[in-house]
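Shown next, in structure tokens, is the structure this report addresses.
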Number of protein chains: 2
Amino acid sequence: MARTLDPDSFGFLVTDLSRLLRNEADQRFKDARCDMTHGEGRVLAHAARAGTVRQNVLAERMGIEAMTLSGLLDRLETRGLVKRTPDPADRRAKLISVTEAADALLDKVQQVSAGIRTDLAGEFPDADWQQFTIMLKAVRDRLLTMRADGQANAA
Amino acid sequence: MARTLDPDSFGFLVTDLSRLLRNEADQRFKDARCDMTHGEGRVLAHAARAGTVRQNVLAERMGIEAMTLSGLLDRLETRGLVKRTPDPADRRAKLISVTEAADALLDKVQQVSAGIRTDLAGEFPDADWQQFTIMLKAVRDRLLTMRADGQANAA
DNA sequence: GAAGGATAATAAGGCTAACTTATTATTTGC
DNA sequence: GCAAATAATAAGTTAGCCTTATTATCCTTC
């Protein structure tokens with residue numbers, strides 16, 4: 001039985017959610033004249049929180065490859081939102097920091113995403129939503145661990 | 001006041017989760033010699049469940065554009081996993097059905113995704129996981145509704 | 001019963017985000 | 001002091017999504 005794959009199974013749900021959310025965010029960012037892609041926003045958010053980090057550390061923390069980050073940083077740097085400075089402790093390495101020019105943008109992004117979150121969360125009891133985000137975080141962290149383990153084994 | 005964007009906020013969590021899950025799935029699919037991308041798998045899953053559907057209905061149900069679906073179906077049809085037949089009731093339309101050749105693949109996909117689900121869910125109490133997937137579904141459906149409403153208003 | 005607008009599929013083309021592999025400069029460990 | 005590891009990046013690929021425009025066919029309304 002069940003030789004049909006359930007399109008409501010976990011994996012599909014997550015990708016569905018991600019795509020729909022991305023569309024919704026695209027629309028609202030456009031409406032808010034906020035010129036920023038998801039990848040860029042994610043980098044900016046992580047970098048802002050980190051203060052000053054090496055690229056490789058940032059990439060690992062974000063769970064993406066160094067090269068992917070490098071490309072995203074190129075765009076942000078061109079727009080003056082991020083600065084690359086040589087790491088005095090290691091001449092191969094560069095330190096990333098967010099510039100003040102990014103402040104306004106960060107604010108806007110925050111407003112838009114808070115708006116979406118409110119619209120979505122409003123449908124549900126507070127406790128449910130809170131539990132939901134806790135689980136999201138836990139599952140993500142579990143996957144990050146699996147990823148790190150896999151790479152360690154492969155090496 | 002919080003001029004830094006939280007990388008653990010809802011939107012980022014979802015995209016993180018999606019990307020990490022995709023990576024994990026890619027790896028396991030490769031290991032299982034299962035030649036199938038996520039988009040293709042998703043189409044197959046939805047089509048298999050639907051039985052025989054018009055493309056436009058399938059696209060709407062999946063929450064993607066008609067053109068996106070058309071491209072994915074091209075690949076699946078070339079591999080003989082899916083059939084397009086003219087709809088007798090409307091000569092513009094085509095009916096999609098999954099062929100028997102897809103059975104084995106569907107099985108494999110199901111096994112792999114069940115494996116991932118087990119590995120992830122194993123970390124958490126049953127009730128928590130169950131509640132989690134319920135919320136995932138609810139939030140996705142909410143986004144689908146928002147999307148549909150938005151398109152209706154735009155028209 | 002024809003005209004005009006909607007709808008189904010798709011061709012064409014663009015973008016983002018991710019990947020891999022290979023290169024260069026540098027550091028570190030032996 | 002040399003070999004192996006590491007940091008960033010250049011180059012090139014892929015998937016998945018989008019939009020716009022085209023063609024064929026329906027449907028409605030007068």
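Here is the naming used below: chain letters follow the sequence lines, and residue numbers restart at 1 for every chain. Every heavy atom of this structure was used, including side-chain atoms; hydrogens, water molecules and symmetry mates were not.
Distance, A:L76 CG to C:dT16 P: 12 Å, rounded to whole Å. If you measure from atom CG of A:D16 to atom C1' of D:dC17, you get 13 Å, rounded to the nearest angstrom. Atom CE of B:M36 and atom P of D:dG16 are 11 Å apart (whole Å). With rounding to whole Å, B:H38 atom NE2 is found 11 Å from D:dC17 atom P. Rounded to whole Å, the distance from CD on B:E65 to P on D:dA21 is 15 Å. Straight-line distance from the CG atom of B:L20 to the C1' atom of C:dC19: 14 Å, rounded to whole Å. Residue A:L72 contributes atom CG, which lies 7 Å from atom P of C:dA18 at whole-angstrom precision.
The ring pair (Phe, Tyr, Trp, His ring centres under 6.0 Å) search around B:F12 returns none, not counting sequence neighbours.
A:T78 places a side-chain N or O within donor-acceptor distance of the main-chain N or O of A:D74, the cut-off being under 3.5 Å. Between the side chain of A:T99 and the main chain of A:G80, a donor-acceptor pair closer than 3.5 Å is present.
Note on B:D26: nothing from the nucleic acid sits closer than 4.0 angstrom, heavy atoms only. The residue A:L69 sits apart from the nucleic acid: no heavy atom pair falls under 4.0 Å. Within the 4.0 angstrom heavy-atom criterion, only backbone atoms of the sugar-phosphate kind lie near A:T37; the bases stay farther away. Among the atoms of the strands shown, none is found under 4.0 Å from any heavy atom of A:D87.
The pair A:D87-A:R54 meets the salt-bridge criterion, since a charged nitrogen lies less than 4.0 angstrom from a carboxylate oxygen. Salt-bridge annotation for B:K83 and B:E77: absent, with no side-chain N of the basic residue lying under 4.0 Å from a carboxylate O of the acidic one. Salt-bridge formation is detected for the pair A:R42/B:D16: a Lys NZ or Arg NE/NH1/NH2 atom is positioned less than 4.0 Å from an Asp or Glu carboxylate oxygen.
Position along DNA chain D of the nearest nucleotide to B:R91 versus B:I64 favours B:I64 as the more 5'-ward residue.
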At a cut-off of 3.5 Å, list every protein nitrogen or oxygen paired with a nitrogen or oxygen from nucleotides 7-11 of chain C, distance to 0.1 Å.
residue, atom, partner, partner atom, Å
C:dT7, O2, B:R92, NH1, 2.6
C:dA8, OP1, B:N56, ND2, 2.4
C:dA9, OP1, B:Q55, N, 3.3
C:dA9, OP1, B:K94, N, 2.9
C:dA9, OP1, B:K94, O, 3.2
C:dA9, OP2, B:N56, N, 2.6
C:dA9, OP2, B:N56, OD1, 3.4
C:dA9, O3', B:K94, NZ, 3.3
C:dT10, OP1, B:R84, NH1, 3.2
C:dT10, OP1, B:K94, NZ, 2.9
C:dT10, OP2, B:Q55, OE1, 3.2
C:dT10, OP2, B:Q55, NE2, 3.0
C:dT10, OP2, B:S70, OG, 2.7
C:dT10, OP2, B:R84, NH1, 2.7

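Remark: A:D126 CG is loosely packed, at most 12 non-hydrogen atoms of other residues, nucleotides or ligands lying under 6.0 Å away.
Applying the 4.0 Å criterion to OP1 and OP2 of C:dA17, one finds that B:R22 has every side-chain N and O outside that range. Distances shown here put a side-chain N or O of B:N23 below 4.0 Å from the OP1 or OP2 atom of C:dC19. Proximity of A:R42 to the phosphate of C:dT16: no side-chain N or O atom is located under 4.0 Å from OP1 or OP2.
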